Every structure is written in structure tokens, then in C-alpha cells.
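These notes are about the structure you will find just below.
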Amino acid sequence: MKHLLKLQDLTREEILSILNLADQLKFERMHNIQKDYLKGKKLGMIFQKSSTRTRVSFEVGIYELGGYGLFLSSNDLQIGRGEPVQDTARVLSRYLDGIMIRTFAQQEVEDLAKYGSIPVINGLTDYAHPCQVLADLMTIREYKGSFRGLKMAFIGDGNNMANSLMVGAIKTGMSFAIACPNGYEPDAKLIEWAKANGEVTITTDVKEALKDADVVYTDVWASMGQEGERAARKKAFEGYQVNKENLSVAKSDVMCLHCLPAHRGEEITEEVFEEHAKEIFDEAENRLHAQKAVMVKLMGNG
Ligand code: CP
Ligand code: NVA
């Protein structure tokens, strides 16, 4: 594993190995065991979109590993003025030991990896959010013990989260169901792959997706970059909500996850959110541990 560009690139074994290391790093942090796995290593963090969790967890994460993180806002980089990603990649490779990038097009992340000579980590694109899903999988395993046989249900937009969760679920042996309005399905090629490799349901019926679910996931109706579509999306996604009534058909010990930020009253009710707040904020914390594991795997010396 040279980069983390999207979950499809990882084998099941690689995913589990990251999760195992993440568990170990979480344990060490809890017991104040400090090990400089990435002593002196420098991570550049390019952000073309806003972030709370990704930015802070990566910055704290590299620091805790003995390295140093540089926050690089695209507003201040020449990339924001049109310098090609191919050149940016080759320049940054001369200074840094790794790059984390949050941007719009997946192709930009792929190009950064192609033209640079250091590991690249996808910190969210319109297509994928692999770091988030690694933390989600870590959280699911903490609560449920294992993955095999579990049903994950996603309610809402077939967006970057839905794409990555579908891949993560299938790779770890869960089944995956998504309820979304027509026209808002996950990436067609990914659906094809997922169907060929596991059990997948795509439906417009929220309760069909939620039936007997072990893990329920939702995300905003309008993602970053879709601000102009907010009103139309609000209409299209009406009813695609994780609420008490819809959840009644899921398993009684269902866990609810949300990548955050959440829009209460839209994709999830305040009531359900608060009832599952422990899970949701454990999930947010696990971003730190999962990403530290990714950095150690990619930027460490073996
Ligand atoms: N879930 C997530 O990636 O959060 P941020 O946008 O705050 O980084
Ligand atoms: N789908 C959301 C996820 C935010 C973490 C977005 O892309 O804005």
C-alpha cells in the first residue's frame, strides 16, 4: 500500500491491518504511551474545502507521532491560482514525507499520487472519503465485535460517504443497503462492483433499507460544493430521515453513525442524534486513531 486514494485500492487484509494498528494506537494513547513512530516526518495538508475533524485529527495525529503537519489552504497555495497539480506534486515531494489532500475531483488526488513521489492520502473528494470510513469501521468493530453478517443501512444521498461506505462494508463482509431518491444513487460503477462482490440493496424505500439493520448511517443532503442545490435537495430528500419511527424496523441494538457535520431536522432528528451521541462522537474520535494508523503504514519505515 503506497497511498490511500480510495478504499477500492485496498485489500480486505490491508483494511483490517490498518484497523488493528488503529486499535493499538488508541490503546497506547489511552495509557499515555508515547512512541515517535514518525519522528521528524512532515505531512502537508492541502485543503480546498472546509474541515473541522479532518484538519484537527491529522494535525494532532502527526504531532503525536513525533512528526510535523503543515496546513496548506488552497487559497494561499499557487494551486489555487492555477499551478498544475502535476507540478505541485513534484515540488511538494521534495520537501515533505506525505500529503493529505481534501478537494473536489478525485482525479486531482490520483494525479497528485501519480506525479509525486511521496504517499498521498485522500481527506475527502466528491467521490470518496476513505479516512472517514476507516474510522467508521473501527467504531463498528468496537461496538459489534466483528463485521461478518452485519447489515449496514445508509439513508440519504448516494454521495462520497455512501460510495466509500458501500465499498468498506462489502470488503469487510457486511451487507449494504441504501435508501435514496431516484437520481441520487451512489456511483454506478461502484454499485456494479459491490453487487458482484457482496449483498447490496438500492431502494427508494427507507424502511426496506432499515429493516433489520445493525448499523445505520446518514449524511447531509447537500455536500460541500452543492450549496447552490440546497433548496432542491431539501425537497428531493424529504422523508429520507433517520428518525424514531423509521428506526423502529431496525434491530433493537442498532447503532447510528454520522460522519458530521449533522443537520438536525434534515437527515437525522435531534432525538435520534442525541440518543446515539456516544457512538457518533466515538466515531469522530476514531478519525484520529485510524488516520494515525494510515500515516504510520504509509510514512513509517516499515
Ligand atoms: N467528517 C469530516 O470529514 O468532517 P470535517 O469536514 O469536519 O473534516
Ligand atoms: N458528504 C459530505 C461529507 C462531509 C464530511 C460532504 O462532502 O460535504
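Both counts, for ligands and for their atoms, begin at 1 and track the order of listing. Computed from heavy atoms alone, side chains included, the values below leave out hydrogens, waters and symmetry copies. Source: prediction; values computed, not measured.
Using a 4.0 Å heavy-atom cutoff, Asp126 is absent from the residues neighbouring ligand 2.
Close approach to Met224 involves these atoms of ligand 2, each under 4.0 Å from a residue heavy atom: 6 (C), 7 (O), 8 (O). Taking every heavy atom of Asn160 and a limit of under 4.0 angstrom, the matching atoms of ligand 2 come to 1 (N), 2 (C), 6 (C), 7 (O). Annotation for ligand 2: atoms under 4.0 Å from non-hydrogen atoms of Leu260 are 5 (C).
Looking at Pro261 next to ligand 1, no N or O pair under 3.5 Å apart turns up. At least one N/O-N/O distance between Ser223 and ligand 2 falls below 3.5 Å.
When non-hydrogen atoms are compared, ligand 2 lies under 4.0 Å from the side chain of Leu124 (C-beta onward) but not from its backbone. Counting heavy atoms under 4.0 Å from ligand 1, residue Leu260 touches it through the backbone alone.
For residues 188-202, there are no side chain to side chain donor-acceptor pair (under 3.5 Å) pairs, not counting sequence neighbours.
For atom 3 (C) of ligand 2, the closest heavy atom belonging to the protein is Asp219 OD2, 3.6 Å. Of all protein heavy atoms, the one lying nearest to atom 4 (O) of ligand 1 is Arg53 NE, 2.8 Å. For atom 2 (C) of ligand 1, the closest heavy atom belonging to the protein is Arg287 NH1, 3.3 Å. Nearest protein neighbour of atom 7 (O) of ligand 1, counting heavy atoms only, is Thr52 N, 2.6 Å.
Side-chain atoms of Arg141 and Asn20 form a donor-acceptor pair, as typed in the model, at a separation below 3.5 Å. A donor atom on one side chain and an acceptor atom on the other are not found under 3.5 Å apart for Gln226 and Asp126. Of the N and O atoms on the side chains of Gln48 and Arg102, not one donor lies less than 3.5 Å from an acceptor on the other residue.
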Could you go through the ring-ring contact (aromatic ring centres under 6.0 Å, His included) check for Phe71 and Phe47 one step at a time? CA-CA 8 Å; Phe71 173 71; Phe47 282 90; 5.5 Å; yes

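Compare Arg102, His129, Arg55 by their heavy atoms: the one nearest to atom 6 (O) of ligand 1 is in Arg102.
When atom types are taken as modelled, the side chain of Glu238 and the backbone of Ala236 share no donor-acceptor pair closer than 3.5 angstrom.
The side-chain tip of Lys49 points at the ring of Phe104 from less than 6.0 angstrom away and within 45° of straight on.
Taking the six-membered ring for Trp and thresholds of 30 and 60 degrees, Trp221 and Phe237 have nearly parallel ring planes, at less than 30 degrees apart.
Contact check for Thr203 versus Ile178: no side-chain heavy atoms found under the 4.5 Å cut-off.
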